[in-house]
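Residue numbers start at 1 and run along the sequence shown.
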Amino acid sequence: MVDRLARAARLVTTDDDGVQLAHEALVTCRPRLSEWIEEDRERLRHHRRLTEAAHAWQEDGGDHGALCRGTALTHAEKLFPDGDLLTATEQAFLAAALGARPSDAASRSRVLSRPGDVT
């Protein structure tokens, strides 16, 4: 559908980074398009955060400490289950974060199970 809109109607432009609306008026003139964008707004916000985190992780040389965790990782896992909407860097970042999850949980468990650590 995106290809059809880009070629025939010139309503959107596409590149390696995604799809851009040709004009902001499309949102106000097309109620259904506006609904789609609103429905996808949360996913887009999380994607933007994931992109920024993935680039920071890559710049840090793939440092384990730069991986996303907690709710950010849970959201990314739910919103991008197949990874098909992600760049190669984002896919690698998400895979590394998901792979680190078991070791992070084990580390937390060891810390909490130490006698005298819990007050």
Side-chain angles (χ1 to χ4, degrees):
M1 181 171 163
V2 170
D3 288 336
R4 196 175 324 155
L5 289 172
R7 280 185 270 123
R10 301 276 187 229
L11 297 176
V12 297
T13 58
T14 61
D15 58 25
D16 291 340
D17 293 328
V19 177
Q20 302 292 323
L21 291 174
H23 196 280
E24 200 62 33
L26 290 171
V27 176
T28 57
C29 294
R30 305 280 187 197
R32 183 67 181 137
L33 180 58
S34 181
E35 289 173 23
W36 288 339
I37 290 171
E38 192 58 40
E39 290 169 2
D40 208 35
R41 194 171 302 278
E42 179 184 2
R43 190 193 60 77
L44 291 171
R45 267 196 312 273
H46 285 287
H47 188 207
R48 191 171 304 122
R49 289 185 200 131
L50 179 71
T51 300
E52 292 169 3
H55 287 294
W57 171 76
Q58 186 179 40
E59 289 173 4
D60 287 342
D63 180 33
H64 179 80
L67 295 171
C68 66
R69 292 176 171 79
T71 57
L73 180 56
T74 301
H75 284 304
E77 183 179 29
K78 287 179 185 175
L79 294 170
F80 310 105
D82 302 329
D84 58 342
L85 300 175
L86 303 177
T87 66
T89 299
E90 294 163 350
Q91 288 174 358
F93 172 74
L94 188 54
L98 290 169
R101 183 187 273 165
S103 65
D104 289 346
S107 295
R108 277 193 304 279
S109 178
R110 280 193 304 274
V111 168
L112 292 176
S113 67
R114 291 183 190 157
D117 283 351
V118 179
T119 57

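Grouping the Ile, Leu, Val, Met, Phe, Trp and Tyr side chains by contacts below 4.5 angstrom, directly or via other members, places F93 with L98.
With H46 as the partner, the side chain to side chain contact (heavy atoms under 4.5 Å, CB included) test is satisfied by one option alone out of H75, R41, K78: H75. Exactly one of L50, L67, L94 qualifies for a side chain to side chain contact (heavy atoms under 4.5 Å, CB included) with L73. That residue is L94.
Rounded to the nearest 0.5 angstrom, R49 CZ and L44 CG are separated by 11.5 Å. H55 contributes atom NE2, which lies 5.5 Å from atom OG1 of T87 (distance to the nearest 0.5 angstrom).
Taking both residues in full, the closest heavy atoms of W57 and T89 are given as CZ3-O, 4.2 Å, listed atom of the first, atom of the second, then distance. Looking at every heavy atom in both residues, A100 comes nearest to H64 through CB-CE1, 3.1 Å. The two residues A97 and C68 make their nearest non-hydrogen contact at CB-O, 3.6 Å.
Put simply, the side chain of L85 does not reach to within 4.5 Å of the side chain of H47, judged on heavy atoms.
Residues E35 and R32 are paired through a salt bridge, judged by an N-O separation under 4.0 Å between the basic side chain and the carboxylate.
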List the steps and the verdict of side-chain contact (heavy atoms from CB on, under 4.5 Å) for F80 and Q91.
CA-CA 9 Å; F80 310 105; Q91 288 174 358; over 6 Å; no

